[in-house]
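Just below is one structure, and these are the notes that go with it.
This chain uses plain numbering: 1 for the first residue, then up along the sequence.
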Amino acid sequence: MYLTDVPQGGRTVFPWVGAGVRPKRGSTLLWSNMNRAGVPDPRVQHGACPVLMGDKWVINKWILYGGQIHTLPCVRGNPHAPFLRPIH
């Protein structure tokens, strides 16, 4: 999600697809980086062009394909579950 308009530069580009998106405040860019078989799709490799004028502020949200429930179980006593620790 783009938080600022960028007067010049700052595009998000997908070179293997031949596409680029100009940052526009309030707009969101969403894509899947996996094909229909669930395999990473190298065609959606992307990068950010330099900002030539202004500032570029963005928010990233990663949506994971597949369950994460067994990766880091949220159970009491798990030292790696920081949100279940008592707050002092």
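For the pair K24 (side chain) and D5 (backbone), a donor-acceptor distance under 3.5 Å is absent. In this structure a side-chain-to-backbone donor-acceptor pair under 3.5 Å is missing from T12 to A48.
When all heavy atoms of P15 and H46 are compared, the pair lying nearest together is CD-CA, 4.4 Å. Residues G9 and P23 approach most closely at O-CD, 4.1 Å, considering heavy atoms. When all heavy atoms of V6 and M53 are compared, the closest pair comes out as CG1-O, 3.6 Å. Minimum interatomic distance between R43 and V17 (heavy atoms only, all atoms of both residues): O-CG2, 3.3 Å.
Note that the CZ atom of R22 and the OG atom of S27 stand 8.5 Å from one another [nearest 0.5 Å]. Taken from CH2 in W16 to CD in Q45, the straight-line distance is 7.0 Å, to the nearest 0.5 Å. For the atom pair CG of D41 and CG of N33, the computed distance is 8.0 Å after rounding to the nearest 0.5 Å.
With hydrophobic clusters built from ILVMFWY side chains whose heavy atoms lie under 4.5 angstrom apart, V44 shares a cluster with L29. Connection of W57 to M1 is established within a shared hydrophobic cluster, with ILVMFWY side chains joined at heavy-atom distances below 4.5 Å, either directly or through further cluster members.
Considering only heavy atoms from C-beta on, R25 stays 4.5 Å or farther from T4 through its side chain.
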**Request:** Please step through side-chain contact (heavy atoms from CB on, under 4.5 Å) for the pair W31 and V21, ending with a clear verdict.
**Result:** CA-CA 12 Å; W31 67 90; V21 178; over 6 Å; no
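Across V58, I59, T28, a single residue satisfies side-chain contact (heavy atoms from CB on, under 4.5 Å) together with Y2, and that is V58.
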